[in-house]
Amino acid sequence: MGQDTQPPEEGRAGVPERVSGDEPLLAARVHRPSDLMRLLGGLLAIALVLAVAAFAHATTSGLEKDINESAGGAPDVFVKIAGLVSSIAVLLVPVAFAIERLIKRDGLRIADGVLAAVLAHGVTLATDLWVAEAAPGTIRDALTQPQSGGGLTDPVHNYLAPVIAYMTAVGMARRPRWRVSLWAVLLLDAFTMLVAGYTTALSIALTVLIGWTVAYGTLYAVGSPNVRPTGQTLLAGLRRVGFRPVTALRAEGVPDSADSGDRGRRYIVTLEDGPPLDVTVVDREQQAHGFFYRAWRRISLRTITTRRSIVSLRQALEQEALLAYAAIAAGANAPKLIATSELGPDAVMLVYEHIGGRSLDALDDHEITDELVRSAWRQVKALQSRRIAHRRLTGDAILVDRSGRVVLTDLRGGEIAAGDLVLRMDVAQLLTTLGLRVGAERAVAAAVEVLGPDTVADCLPLLQPIALSRSTRATLRKLARERSAREREAVLAASEAAKRERELAKAEAAGSTAVDHTAVAVGAKAGTKAEKAEKKADKKAEKRALDTALDEAREEDLLAQIRQQVLLIRPQAPVEPVRLERIKPRTLVSLIAGAVAAYFLLSQVASTPLSTISQADWRWVAAAVLFSALSYVAAAMSLLGFVPERVGFWRTVVAQVAGSFVKIVAPAAVGGVALNTRFLQRSGVRPGLAVASVGASQLFGLGAHILLLLSFGYLTGTEKSQSFTPSRTVIAGLLTVAVLVLVVTAIPFMRKFVSTRLRSLFAGVVPRMLDVLQRPVKLVTGISGMLLLTGAFVLCLDASIRAFGHDSLSISYASVAVVFLAGNALGSAAPTPGGVGAVEGALIGGLVAVGQIPIEVATPAVLLYRLLTLWLPVLPGWLCFNWLTKREAL
């Protein structure tokens, strides 16, 4: 794209071409997602080659033998001449290409190539050192050959990998003549080395992969030179297809998001004669924008609901042109495409007739009339009459021209011959888009008037956030946060008003009542009962006031409002959401973590001899069972201590046993919070207060967990020392935690993520804590329950250790407590159900490191502990869960 840097040429009429002065400057370098994908692919291929070398020794040996036998008949003279020519040419060809690039003033590419070559050389040296010093023998045998004078050949060729890295980084692969010549030289060099016995086939494959991978890693890290066409290139391209442009003004209002970043850059071009043009320029960089988001959508959603994440420029050009012609043929108002052209190898342009106007997002609310809404639905009806799906009916894709005519733009992501599901998704998307501007009632009424009630009712199963565009989902989430804030403010205001009314009533009653000392002495007991009854009545009145305020402030979300409006017209319409997700992110993470955990557990179990289990002391096993059962009573106490309302104790214990079943189907922290919140709501605690009570319990438990971990860690360090100083392990652990906290708080994304999660989890906790502090008995119950819960688990783990150690192990309770608290923290953070894998690994490693317990004892002890606290309670938990569900306690 050398013309991008040339001065602007003059038009045919002698008028200099001009581009708007406010056009954003293009970045000098860009980080291509395609380079990252090739880097990851190269790393995976390198791992595969090493795996083949390590585990398929017979195959590699047979391959080397076949190559040596096949090449044994080659004349020695030919092999020597070919080796000499290839070794010289493999260095001369890259140098010649560098000279050619420097002559054309493209020195940045040469610098990138030299950097990639240097890095590749360093990687090859590190690989050679690893193979020689630390690699398994099978890998060394597969990558090297014995030399006649003694020693082994190099596992990776130190000059070939840098040449391949240089060739890839400078872009020689995109120039056919240079590509053919260099690959011919490389293949000849590899052939001569194989025939001469200087290398192996896997060594050559590893060399090529290292050079290729390092090159793309370098390009992604430093960025590739930006070859996106400028406005001057656009004007030159328009002149080549017969137009006489004068100026090009960059259109505003094109957001850079994963939803719309691939729509291209838009220009309004004025001509010497004739009306202006709307020109869209699409290049490879814009096509790559949002690639990972689209790729994830394609993996996680069913294929029918997503479009391709990767298309070539030619495919994008043809698809948009086809949709433009098809939309007009269907009778819809769409921009008329009048020309297309390539702008070099990395960009294309599409030329449309100019349509002046504003998008739906740019219109004021009073400008969106019912007729305009019906006109938008008529355009969608025209498309759907020919089975055309738009796939992106958001506010910026609906244009209103100066005459009030609605025009559908951004057709590139659409489909022809679309299926029913995709067409219904279009209806659901437009209902939501219009509902955000004019309300659910007007949007549904216009849709029913144009499309008919049956068509609108059929879209209800698709009216779910996952089926909507990314920008629409973001808007709905923002509105949900604002709605929750309004509800919370209304409830707090009602609570304050009720409190002021009670205080005023008490003050009036105290001022108007004359108290007789004798009457007080005689009726003290009756007064106490009356006071308690009055407090109980006040609480009921406050609860009724808060419930009323919440009901009055509660607002339905937009999707619920749309469903309600449709059901008023078609009461029998299907509302059960269609399953669009193939896999959820949490499920994917859980599967991966579960696989790793299963591998870890199986390897640990396989290394444990059966004699160790058969020699267990069953008295300590029985003690561990009792301590495990005691933990459910302690959990009930720790929860009820932060619930001022009256809740049955033994039913709460049953709910904690039911939580053992929930932990298996959800992460431990999430499952327990959800179950306890639901249980408290069913027990008569108002939803907001139930969430606050569980949050207060979690917050207090987190603080207690940290304090206990620090205290026991400190005691662990002083057990074997005369001075009262903590161990180096504890200090290192505290420093590690401090560094992690600093990293999280220093990165804006991580800081926002953590603060949002904590705010949502502990919303309303502080007022609830103040309520609990006014009831000392409740507070003592909660604190005692937390201490008893930790003590029960520590004693259960200690009993499990002694069951296999037979009292011969000298490990203190403080050390066991430190190991338990650290393992429990990892289990709460692990994405696997019940922290499977993470807890076992942390406990076994902790017992071996802190308590100096042999792994032959630590492994069965931890497995027994997890059996008693996680797996055996599943069946009783399932029974308790069903029992509580039948009695509507969950």
Side-chain angles (χ1 to χ4, degrees), residues 331-333 357-385 389-410 423-465 467-469 471-483 486-487 552-575 577:
N333 296 331
R358 293 179 295 166
S359 67
L360 186 68
D361 287 342
L363 296 178
D364 295 331
D365 291 342
H366 69 274
E367 297 180 277
I368 306 176
T369 63
D370 291 340
E371 178 56 32
L372 189 147
V373 176
R374 286 192 294 269
S375 179
W377 282 115
R378 281 193 285 269
Q379 305 313 310
V380 174
K381 182 179 181 181
L383 291 180
Q384 299 207 349
S385 66
H390 188 284
R391 300 301 300 267
R392 201 183 158 277
L393 288 169
T394 55
D396 57 347
I398 301 174
L399 191 69
V400 181
D401 64 12
R402 296 183 180 88
S403 63
R405 187 175 61 120
V406 175
V407 181
L408 299 181
T409 62
D410 300 330
L423 296 178
R424 290 155 60 193
M425 288 176 64
D426 264 3
V427 176
Q429 174 65 59
L430 188 56
L431 274 175
T432 309
T433 299
L434 295 175
L436 289 170
R437 297 305 312 274
V438 302
E441 184 176 356
R442 290 176 61 188
V444 172
V448 171
E449 182 178 345
V450 176
L451 300 181
D454 293 334
T455 303
V456 178
D458 288 342
C459 81
L460 287 188
L462 277 304
L463 200 65
Q464 48 183 307
L468 305 177
S469 68
S471 58
T472 304
R473 296 200 304 272
T475 303
L476 292 176
R477 286 194 297 268
K478 178 182 178 182
L479 293 177
R481 289 193 296 267
E482 295 175 354
R483 186 171 59 252
R486 288 194 298 270
E487 292 178 357
E552 293 176 352
R554 183 175 288 115
E555 306 173 25
E556 289 186 334
D557 67 289
L558 177 64
L559 299 185
Q561 295 177 25
I562 293 175
R563 291 190 194 97
Q564 184 178 0
Q565 291 296 323
V566 176
L567 291 175
L568 292 176
I569 302 169
R570 280 288 185 270
Q572 303 301 324
V575 294

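Numbering of residues begins at 1 and proceeds along the displayed sequence.
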Between Asp396 and Thr394: side-chain donor-acceptor atoms closer than 3.5 Å: yes

From [X] atom [atom1] to [Y] atom [atom2], the distance as rounded to the nearest 0.5 Å:
X	Y	atom1	atom2	result
Leu363	Ile398	CG	CD1	10.0 Å
Gln561	Glu441	CD	CD	10.0 Å
Met425	Leu463	CE	CG	11.5 Å
Ile562	Leu460	CD1	CG	9.5 Å
Arg374	Leu434	CZ	CG	12.5 Å
Leu468	Leu430	CG	CG	11.5 Å

Is any NZ, NE, NH1 or NH2 atom of the basic residue among Arg437 and Glu367 found under 4.0 Å from an Asp or Glu carboxylate oxygen of the other? no

[X] (side chain) donor-acceptor with [Y] (main chain) under 3.5 angstrom:
X	Y	value
Ser359	Leu399	no
Asp426	His390	yes
Arg570	Pro453	no

If you compare all heavy atoms of [X] against all heavy atoms of [Y], which two are closest, and at what distance to 0.1 Å?
X	Y	result
Ala332	Leu383	CB-CD2, 3.9 Å
Arg424	Leu462	NH2-CD2, 3.5 Å
Leu431	Cys459	CD1-SG, 3.5 Å
Ala443	Trp377	O-NE1, 3.6 Å
Val450	Lys381	O-NZ, 3.4 Å
Val566	Ala457	CG1-CA, 3.8 Å

Thr472 versus Leu436: any side-chain heavy-atom pair under 4.5 Å? yes

Min side-chain heavy-atom separation Val427-Leu393 under 4.5 Å: no

Show, in sequence, the C-alpha distance, side-chain angles and deciding distance for Leu559 and Arg563, and conclude whether the side chain to side chain contact (heavy atoms under 4.5 Å, CB included) test is met. CA-CA 6 Å; Leu559 299 185; Arg563 291 190 194 97; 4.0 Å; yes

Candidates Arg405, Arg442, Arg378 - the one meeting salt bridge (charged side-chain N to carboxylate O under 4.0 Å, His left out) with Glu371: Arg378

Worked check of side chain to side chain contact (heavy atoms under 4.5 Å, CB included) between Leu476 and Asp557: CA-CA 8 Å; Leu476 292 176; Asp557 67 289; over 6 Å; no

Check step by step if side chain to side chain contact (heavy atoms under 4.5 Å, CB included) holds for Val400 and Leu372. CA-CA 9 Å; Val400 181; Leu372 189 147; 3.9 Å; yes

